[in-house]
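Note sheet for the following structure.
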Amino acid sequence: MKNRKKEVLKKDYEERRSIMDANPIHVAVAGRMMFKRVMGKASFCNIQDLQGNIQVYVARDAIGTDSYADFKKSDIGDIFGLEGFAFRTRTGEISIHAEKMTLLSKSLQILPEKFHGLTDTDTRYRQRYVDLIMNQESKKVFIKRSQILKEIRNFLSGRDFMEVETPMLVANAGGAAARPFETHYNALNEDVKLRISLELYLKRLIVGGLERVFEIGRVFRNEGVDTRHNPEFTLMELYQAYTDYEGMMELTESMFRYLAEKVCGSTKISYNGIEIDLGKPFERLTMNDAIKKYAGIDFDQVADDEAAKKLAEEHHIAYEERHKKGDIINLFFEEFCEKELIQPTFIMDHPIEISPLTKKKPSDPNKVERFELFINTWEMCNAYSELNDPIDQRERFAAQEEAFAAGDDEANHTDEDFLNALEIGMPPTGGIGYGIDRLVMLLTDSQAIRDVLLFPTMKSQGAAKNEANNAAQETKTVEKIDFSKVKVEPLFEEMVDFDTFSKSDFRAVKVKACEAVKKSKKLLQFTLDDGTGTDRTILSGIHAYYEPEELVGKTLIAITNLPPRAMMGIDSCGMLLSAIHEEEGEEKLHLLMVDDHIPAGAKLY
């Protein structure tokens, strides 16, 4: 029976081979050699290009003795051009029988071993070119990213929007609550900022009569780096005259549904194993109704700022003294509601205090005609009925200036030229903005923003490596500390018995991920490997001393048997150990980092 099957397969192969031999298909391809197996007078290799890879049969008799000798000396990673004809192997694999092979480019570096690929995350981000060669899934993400941008443009073109470009270097970086990067313009001898949004120039174009405009461009915010934030990112903003935020909701829902169908092939997508349905009508909730639904508090019945602050204290919501009722409402929403919003949901009618560029609701001047789209707990989109009253806008700018004076370094500043444009007259307008990077994360099921950025922001690897064309790594001098200027806390006089001390469980932990806690200037959230196989979360108020990305991969020391403590709505399960001292009146802190050879979970004695 077995021999009979072999005969059938052999006959089928010979029939197919005879057909191809009778009418050979001549081909020419080029790509990188990813595999090579030399077998005397004939060899096999695998050539990879953007579309995929194909097996190549290389025989000395076909390409010549000299070419075959050169081929045998070639390395994995070399780039070849080849000509030949297509055929099927006995296993049915379509291959190329090479008749001519030309070395186009020599690889002098050794590629990572093929079976394991490039798995080190830091190297993948720093050497994306190697990542794209070795990891086909990574390549697919960026191909899909390009497709997403193409389909956004196709959708907006179908609705008669016009793509425009606006300045990146600006005197006044407005349109969002964020700190800008600053630089100096030598030719004008002026300090300028990198834009933090696209909004204010696009609305000037609406004033000028370009009734439907959009821009896809880079913006820059001088903020921390975590799994969903990069200081330099791509934003899409659009503005349409003679509509409002209701019209923008329809456009947003239609656009997201269109993108899912075009890019993913279905309105049902999966993120991290959870199905998200973009085909159903998106749920709509006001911000106050969402808080009422998920926290049981009706802020429509809260009288004033003091009553709101009292509620915050009762529910352990951290706030700043300058905060007003609207700010407290936003804090409650972030604490109790965002984590519940998995399926697409429009959150509408925000407090006026957190929306300086938005038109008031005629029925309630304490709220504005604004919505945010939430999917997978993330804010995916922010949209307004745009404020077109120059008098009201000037008052809002004044309130933002007061907030800046009170310590809000992300507040907007007065933009006189924008006010001048509004005074000329801007028609009723709706506007939308959303981050391309987060959208790509959602549609490609990517877990971190760096996975969808070709070249994400990374901390430099040393002074010498940070200088282009500097071949030699400089020797790093060790900083000398003048301990005569150092002040430490006195030792405790109270003794602790050994049994009590021994109950504290000190363990080595590995930092798997680290990110800034949203709305906190101090807290970092650590995801730690403690050796148990279950990730441990610990929050630590050390953001003033460290950026999150520089701690990933480090080995730290933690007390692991402390009871969970809620901080900013997140349970912190343990405490990381740091050393603190005072130096010339300034507190210094050093997180305890130990040898990386120490395994996660190792107990300290």
Side-chain angles (χ1 to χ4, degrees), residues 147-164 166 175-176 197-207 209-217 219 234-264 266-269 276-287 341 343-350 355 357-359 361 368-376 378-388 426-440 442-443:
Q147 186 183 358
I148 290 168
L149 290 168
K150 174 187 173 183
E151 294 300 343
I152 290 171
R153 290 185 165 98
N154 287 343
F155 176 87
L156 294 176
S157 176
R159 294 212 175 192
D160 298 325
F161 278 84
M162 171 181 171
E163 185 169 10
V164 297
T166 61
S197 84
L198 313 174
E199 180 170 351
L200 300 184
Y201 279 100
L202 291 176
K203 285 157 85 169
R204 286 170 168 90
L205 298 179
I206 295 290
V207 172
L210 304 183
E211 295 177 354
R212 299 186 183 209
V213 294
F214 79 97
E215 181 174 5
I216 298 174
V219 296
T234 305
L235 191 62
M236 192 291 301
E237 289 196 31
L238 67 83
Y239 293 88
Q240 178 179 339
Y242 307 111
T243 189
D244 60 10
Y245 78 142
E246 293 284 352
M248 293 295 98
M249 270 190 266
E250 181 281 321
L251 187 148
T252 300
E253 188 166 341
S254 298
M255 186 190 301
F256 273 67
R257 190 168 293 134
Y258 169 89
L259 291 173
E261 289 175 337
K262 288 290 185 180
V263 176
C264 303
S266 170
T267 56
K268 289 184 178 179
I269 63 173
I276 297 170
D277 191 348
L278 297 169
K280 294 179 180 178
F282 294 3
E283 185 178 5
R284 300 187 181 194
L285 288 171
T286 68
M287 182 171 279
L341 304 177
Q343 297 303 318
T345 305
F346 288 121
I347 298 296
M348 311 177 295
D349 302 349
H350 295 53
S355 310
L357 298 168
T358 315
K359 185 177 286 187
K361 284 184 69 67
V368 295
E369 293 187 348
R370 173 185 174 188
F371 74 80
E372 293 174 291
L373 173 61
F374 280 84
I375 304 175
N376 188 48
W378 302 345
E379 176 205 328
M380 297 298 302
C381 174
N382 194 15
Y384 309 149
S385 293
E386 301 298 336
L387 179 59
N388 62 344
M426 185 174 85
T429 299
I432 301 171
Y434 61 76
I436 297 295
D437 309 317
R438 196 171 295 179
L439 174 62
V440 176
L442 182 72
L443 295 182

In chain order, what residues pass the side-chain hydrogen bond (donor to acceptor under 3.5 Å, both in side chains) check against Glu250, with sequence neighbours excluded? Arg159, Ser254

For Tyr242 and Gln240, test the side chains for any donor-to-acceptor distance below 3.5 angstrom and give the result as yes or no. no

Rounded to the nearest 0.5 Å, how far apart are NE2 of His350 and CG of Asn382? 6.5 Å

Hey, does Gln343 have a side-chain heavy atom less than 4.5 Å from the side chain of Asp277? yes

Would you say the side chain of Asn154 lies within less than 4.5 Å of the side chain of Lys150, judging by non-hydrogen atoms? yes

For Asp437 and Thr234, work out which heavy atoms get closest and say how close. OD2-N, 3.2 Å

Gap separating the CG atom of Leu278 from the OG1 atom of Thr267, nearest 0.5 angstrom: 6.5 Å

Value rounded to 0.5 Å, distance of OG in Ser385 from CG in Asn388: 9.5 Å

Please check if any side-chain donor atom of Glu369 sits under 3.5 Å from a side-chain acceptor atom of Tyr384, or the reverse. no

Does the side chain of Ile432 reach to within under 4.5 Å of the side chain of Cys381, using non-hydrogen atoms? yes

Could you tell me if the side chain of Val213 sits less than 4.5 Å from the side chain of Leu238, heavy atoms only? no

Mind checking the OG-CD spacing from Ser355 to Glu372? Nearest 0.5 Å is all I need. 8.0 Å

Test applied, ring-ring contact (aromatic ring centres under 6.0 Å, His included); reference residue, Phe346; option that passes from Tyr245, Phe282, Phe374: Phe282

Grab the two heavy atoms, one from Tyr434 and one from Met380, that are nearest each other, plus how far apart they are. CB-O, 2.8 Å

For the atom pair CG (Leu202) and CG (Leu200), what is the distance rounded to the nearest 0.5 Å? 9.0 Å

May I ask you to test the Leu251-Phe155 pair for a side-chain heavy-atom distance under 4.5 Å? yes

Give the C-alpha distance, both sets of side-chain angles, the deciding distance and a yes or no for side chain to side chain contact (heavy atoms under 4.5 Å, CB included) between Arg438 and Val440. CA-CA 5 Å; Arg438 196 171 295 179; Val440 176; over 6 Å; no

Would you compute the distance between atom CD1 of Ile269 and atom SG of Cys264 and round it to the nearest 0.5 angstrom? 6.0 Å

When you look at Phe214 and Met162, which way does the side chain to side chain contact (heavy atoms under 4.5 Å, CB included) test go after all the steps? CA-CA 6 Å; Phe214 79 97; Met162 171 181 171; over 6 Å; no

Side chain to side chain contact (heavy atoms under 4.5 Å, CB included), that's the test. Do Leu341 and Asn376 meet it? Break it down for me. CA-CA 6 Å; Leu341 304 177; Asn376 188 48; over 6 Å; no

Checking side chain to side chain donor-acceptor pair (under 3.5 Å) against Thr166, which of Glu215, Glu237, Arg204 comes through? Glu215

State, to 0.1 Å, how close Glu253 and Pro281 come at their nearest heavy-atom pair, and which atoms those are. OE2-CA, 3.2 Å

Ionic contact status for Glu261 with Arg257, cut-off 4.0 Å: no

State plainly whether the residues Asp349 and Arg370 are in salt-bridge range, i.e. N to O under 4.0 Å. no

Any idea which heavy atoms bring Thr429 and Met426 closest together, and the distance? OG1-CG, 4.0 Å

Dump the intermediate steps for side chain to side chain contact (heavy atoms under 4.5 Å, CB included) on Ile148 and Leu439, then the final yes or no. CA-CA 9 Å; Ile148 290 168; Leu439 174 62; 4.0 Å; yes

Which heavy atom of Met236 sits nearest a heavy atom of Leu156, and at what distance? SD-CD1, 4.2 Å

Taking the side chain as every heavy atom from C-beta outward, state whether Asp244 and Pro428 have any pair of such atoms under 4.5 Å apart. no

Output all residues satisfying side-chain hydrogen bond (donor to acceptor under 3.5 Å, both in side chains) with Glu163, sequence neighbours left out; order by chain, then residue number. Arg153

When every non-hydrogen atom of Glu386 is compared with those of Lys359, the smallest separation belongs to O-CE, 3.5 Å

Is any side-chain heavy atom of Lys262 closer than 4.5 Å to a side-chain heavy atom of Leu259? no

With heavy-atom distances below 4.5 Å as the criterion, would you say the side chains of Leu373 and Ile375 are in contact? yes

